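Take a look at the structure set out below.
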Amino acid sequence: MKVFGAVALICAAAVLLGWGITRGAAQQEDVGRFQVAAPNLVLDTATGRLTTSKGEVLEHPLDPTGEEIGRYSVDGYVTAVTREVGLNVIQQPVVWPQLVKGYVVLDTQTGQIVREKIYYKQPLQGSDL
């Protein structure tokens with residue numbers, strides 16, 4: 001009976017050890033799954049789904065299967081762009097800039113840009129800068 005109890009205890013320990021190892025491996029698979037880019041973009045690197053930090057979807061999944069983590073990469077940008085230059089009523093130079101936000105999504109396997117888009121434009125006020 002003591003031998004049977006010892007064997008059962010060793011088997012239980014082996015099962016718990018195996019369960020812990022597989023659980024740890026499953027948690028490590030998601031490392032690198034998401035990438036953040038300026039100003040407020042979040043990319044799922046496996047599917048290519050791009051959202052803002054508020055959850056607004058900018059790009060639907062490029063690869064819905066999402067089998068390979070790190071397949072896609074993103075870079076975002078925010079800049080002020082001068083759209084018009086002119087003279088005001090008293091012949092003083094005036095500039096009308098816009099705030100522009102955009103992104104570029106890259107397929108890391110092929111090195112090709114798969115999406116490139118300006119998703120936000122708004123005229124800047126004097127107090128915005």
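The structure presented is a predicted model; accordingly, all values stated were derived computationally and were not measured. The first residue of the sequence shown is numbered 1, and numbering continues consecutively from there.
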Scan the side chains in residues 42-50 for donor-acceptor partners under 3.5 Å anywhere in the protein, sequence neighbours excluded, and list what turns up.
| residue | atom | partner | partner atom | Å |
| --- | --- | --- | --- | --- |
| Asp44 | OD1 | Arg33 | NE | 2.7 |
| Asp44 | OD1 | Ala46 | N | 3.0 |
| Asp44 | OD2 | Arg33 | NE | 3.3 |
| Asp44 | OD2 | Arg33 | NH2 | 3.0 |
| Asp44 | OD2 | Thr47 | OG1 | 3.3 |
| Thr45 | OG1 | Gly32 | O | 2.8 |
| Thr45 | OG1 | Arg33 | O | 2.9 |
| Thr45 | OG1 | Gly70 | N | 3.2 |
| Thr47 | OG1 | Arg49 | N | 3.3 |

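Among residues two or more places apart in sequence or in another chain, the salt bridge (charged side-chain N to carboxylate O under 4.0 Å, His left out) test is passed with Arg83 by none. When the side chain to side chain donor-acceptor pair (under 3.5 Å) test is applied to Thr82, no partner is found at least two apart in sequence or on another chain. Partners of Asp107 by salt bridge (charged side-chain N to carboxylate O under 4.0 Å, His left out), not counting sequence neighbours, listed by chain and number: Arg71. Qualifying side chain to side chain donor-acceptor pair (under 3.5 Å) partners for Ser73, counting only residues two or more places apart in sequence or in other chains: Gln35.
Looking at every heavy atom in both residues, Ala37 comes nearest to Gly76 through CB-N, 3.7 Å. Annotation for Ile113 and Glu116: closest pair CG2-CB, 4.3 Å, computed over non-hydrogen atoms. For the pair Tyr103 and Leu58, the tightest heavy-atom approach, listed with the atom from each and the gap, is OH-O, 3.6 Å.
Hydrophobic clustering (side-chain heavy atoms under 4.5 Å, transitive across Ile, Leu, Val, Met, Phe, Trp, Tyr) groups Val78 together with Leu41. At a threshold of 4.5 Å between side-chain heavy atoms, the hydrophobic network of Ile, Leu, Val, Met, Phe, Trp and Tyr places Val74 and Val114 in one connected group. Residues Val36 and Val104 are members of separate hydrophobic clusters, defined by side-chain heavy-atom contacts under 4.5 angstrom among Ile, Leu, Val, Met, Phe, Trp and Tyr.
With hydrogens and angles disregarded, no donor-acceptor distance shorter than 3.5 Å links the side chain of Thr51 to the backbone of Gly55.
The shortest side-chain heavy-atom distance between Tyr72 and Leu62 falls under the 4.5 Å cut-off. A heavy-atom distance below 4.5 Å is found between the side chains of Leu99 and Tyr120.
Tyr77 belongs to a hydrophobic cluster whose remaining members, ordered by chain and number, are Val81, Val100, Ile118; membership requires side-chain heavy atoms of ILVMFWY residues under 4.5 Å apart, directly or through intermediates.
One distance of note links NZ of Lys117 with NZ of Lys101; it measures 14.5 Å at 0.5 Å rounding.
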For this session: Take Gln109 and Glu68, measure what side chain to side chain contact (heavy atoms under 4.5 Å, CB included) needs, and give me the verdict at the end.
Result: CA-CA 10 Å; Gln109 279 188 344; Glu68 184 181 348; 2.6 Å; yes

